[in-house]
Amino acid sequence: TQLFGDRALIANATGCSSIYGGNLPTTPYCTNDDGRGPAWSNSLFEDNAEFGLGFRLAVDQLYAHARTLLSGVAGKLDAELVSALRDAEQGDDAGVERQRERVETLRAALASIADDPQAKALSEIADYLVRKSVWIVGGDGWAYDIGYGGLDHVLASGKDVNILVLDTEVYSNTGGQASKATPLGAVAKFAADGKGLGKKDLGVLAMMHDHVYVAHVAIGAKDAQTYKAFREAEAWPGPSIIIAYSPCIAHGYDLKYGASQQKIAVQTGYWPLYRFDPRRLAEGKPPLMLDSKPPKGDLGQFARNETRFRMLMQKNPSRAKALLEQAQTDVQRRFELLVRLAQES
């Protein structure tokens with residue numbers, strides 16, 4: 001919201017983020033000094049991606065209609081203003097702000113020809129000439145599991161939407177059930193003896209579309225990389241997905257240590273940092289950029305800090321040891337895959 005709040009439209013899947021995002025009558029969202037703020041709405045687990053795509057389609061239709069109306073009244077307006085409104089560069093905050101100022105100038109000019117039906121209609125939807133930032137937000141239970149079909153459909157649409165996955169690696173809001181994002185060896189409901197299969201790699205799956213911007217971030221480990229990913233994702237004129245490591249009470253440790261635990265997750269390779277930017281292809285560069293170093297240290301150091309792994313170590317030490325060894329191998333294998341993709345792409 002600090003980056004795009006006054007022009008953001010947020011489609012929020014049911015889950016923890018919808019609870020702290022819209023626990024009416026209170027709300028964490030607010031307006032700026034000009035009275036502008038984000039538009040937020042909550043949808044169901046199974047259709048939030050499609051719900052957010054609807055935001056984009058509606059905005060695009062209103063934008064196209066506004067341009068048509070602008071052409072209809074262009075002869076009654078300053079030609080330079082009309083040209084600037086049509087051709088505005090809105091790739092950054094400064095460009096958006098200049099377009100917003102033009103829209104205010106347009107409204108004042110339209111008031112003088114208010115008897116024209118097209119002028120009246122344009123005045124009502126002129127704000128859609130300002131670029132909107134559509135965000136689809138939800139957890140891993142939505143993105144990896146129940147809503148994955150819709151999410152993949154939206155990525156394949158090619159539309160300019162931004163998806164933020166708050167990955168807690170478990171169904172947090174519904175009681176801590178295992179999801180496809182739950183890592184190997186973690187204890188959760190329906191995985192009481194430690195999850196025996198590895199985590200689904202949503203980031204690599206998204207990269208296979210080629211036209212999708214993809215980022216894997218952990219703000220506590222590397223905030224500058226997270227900031228860069230959000231900026232790049234929003235500027236990309238197609239689909240983007242940011243998968244954000246999200247510490248959760250279900251992980252079983254005092255979350256005041258969240259940042260330090262995220263750093264260990266990145267250092268050990270448990271959570272690699274990367275950005276896949278399709279724009280680099282046009283520059284003859286590999287689109288995948290690795291933002292973290294090769295795995296270093298013992299993955300067990302990370303696991304022993306969290307109850308979700310430690311429970312199995314206490315309950316079934318031999319199984320915990322076997323799964324941890326397998327997880328250590330998987331960490332190295334996943335990183336080697338990313339290295340190959342960075343070189344081959």
Side-chain angles (χ1 to χ4, degrees), residues 1-12 21-22 27-43 48 50-137 154 157-164 230-240:
T1 59
Q2 294 300 302
L3 295 174
F4 320 115
D6 64 345
R7 56 189 177 89
L9 288 79
I10 303 167
N12 199 157
T27 174
Y29 299 109
C30 59
T31 56
N32 60 19
D33 291 340
D34 297 318
R36 297 190 179 96
W40 179 96
S41 191
N42 165 233
S43 187
N48 188 59
E50 297 92 328
F51 183 60
L53 178 61
F55 285 18
R56 180 77 267 166
L57 296 177
V59 166
D60 289 350
Q61 184 64 33
L62 286 161
Y63 170 71
H65 187 44
R67 286 178 65 90
T68 299
L69 291 171
L70 182 63
S71 296
V73 297
K76 301 179 181 180
L77 299 172
D78 177 72
E80 188 175 335
L81 173 63
V82 172
S83 178
L85 283 163
R86 284 174 176 161
D87 303 329
E89 288 290 337
Q90 300 186 66
D92 56 26
D93 291 343
V96 169
E97 192 54 41
R98 285 193 293 271
Q99 182 72 341
R100 192 170 275 149
E101 291 169 0
R102 294 186 197 103
V103 167
E104 291 306 312
T105 303
L106 171 65
R107 277 219 170 89
L110 291 172
S112 66
I113 53 170
D115 56 331
D116 185 324
Q118 290 189 98
K120 182 179 179 182
L122 177 56
S123 183
E124 291 175 354
I125 63 169
D127 278 335
Y128 286 94
L129 293 168
V130 179
R131 182 170 179 255
K132 300 292 187 280
S133 185
V134 175
W135 286 86
I136 302 172
V137 181
V154 170
S157 74
K159 297 297 183 181
D160 185 12
V161 296
N162 308 288
I163 299 170
L164 173 60
F230 271 79
R231 280 292 190 191
E232 291 174 347
E234 205 270 342
W236 170 242
S240 69

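- Between V161 and G52, the closest heavy-atom pair is CG1-O, 4.5 Å.
- Under the side-chain contact (heavy atoms from CB on, under 4.5 Å) criterion, S133 pairs with F4, R7, W135, N162, E234, sequence neighbours left out.
- Taking the side-chain contact (heavy atoms from CB on, under 4.5 Å) definition, one finds that A126 meets it with V103, L106, R107, sequence neighbours left out.
- Considering only residues two or more places apart in sequence or on other chains, Y63 meets the ring-ring contact (aromatic ring centres under 6.0 Å, His included) condition with none of them.
- Across all non-hydrogen atoms, the minimal contact from G21 to P28 is O-CD, 3.5 Å.
- Partners of E97 under the salt bridge (Lys or Arg N to Asp or Glu O under 4.0 Å) rule, at least two apart in sequence or in another chain, are R100.
- Taking the side chain to side chain donor-acceptor pair (under 3.5 Å) definition, one finds that E232 meets it with Y213, R275, sequence neighbours left out.
- For D160, there are no side chain to side chain donor-acceptor pair (under 3.5 Å) partners two or more places apart in sequence or in a different chain.
- Note: S240 OG to I163 CD1 = 7.0 Å, rounded to the nearest 0.5 Å.
- Side chain of S112 to backbone of A109: a donor-acceptor contact under 3.5 angstrom is found.
- Qualifying side-chain contact (heavy atoms from CB on, under 4.5 Å) partners for L3, counting only residues two or more places apart in sequence or in other chains: Y227, F230, R231.
- When all heavy atoms of L70 and L122 are compared, the closest pair comes out as CA-CD2, 3.8 Å.
- Judged as a side-chain contact (heavy atoms from CB on, under 4.5 Å), and not counting sequence neighbours, the contacts of Q99 are L85, A88, Q90, R102, L129, V130.
- Counting only residues at least two apart or on different chains, the salt bridge (Lys or Arg N to Asp or Glu O under 4.0 Å) pairs with a member in residues 59-82 are R56-D60, K76-D116.
- Atom OH of Y29 sits about 4.0 Å away from atom CD1 of I10, to the nearest 0.5 Å.
- Going from atom CG of L62 over to atom CD of E124 covers 11.5 Å, rounded to the nearest 0.5 Å.
- The shortest side-chain heavy-atom distance between T105 and E101 does not fall under the 4.5 Å cut-off.
- For E89, the CD atom counts as loosely surrounded, since its 6.0 Å shell holds 12 or fewer non-hydrogen atoms of other residues, nucleotides or ligands.
- Under the ring-ring contact (aromatic ring centres under 6.0 Å, His included) criterion, F51 pairs with F55, not counting sequence neighbours.
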| task | Please report the C-alpha distance between D6 and D34 in whole Å, then the side-chain angles of each, then the deciding distance to 0.1 Å, and finally whether the side chain to side chain contact (heavy atoms under 4.5 Å, CB included) criterion is met. | result | CA-CA 9 Å; D6 64 345; D34 297 318; over 6 Å; no
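- With hydrogens and angles ignored, the 3.5 Å screen pairs no side-chain donor or acceptor of N48 with any backbone N or O of I136.
- With sequence neighbours excluded, the residues that form a side chain to side chain donor-acceptor pair (under 3.5 Å) with R86 are S71.
- The distance from the NZ atom of K120 to the CG atom of D115 is 11.0 Å, given to the nearest 0.5 Å.
- Take W236 and apply the side chain to side chain donor-acceptor pair (under 3.5 Å) test, not counting sequence neighbours, and it matches no residue.
- Of all the heavy atoms in A119 and V73, the pair that sits closest is N-CG1, 3.8 Å.
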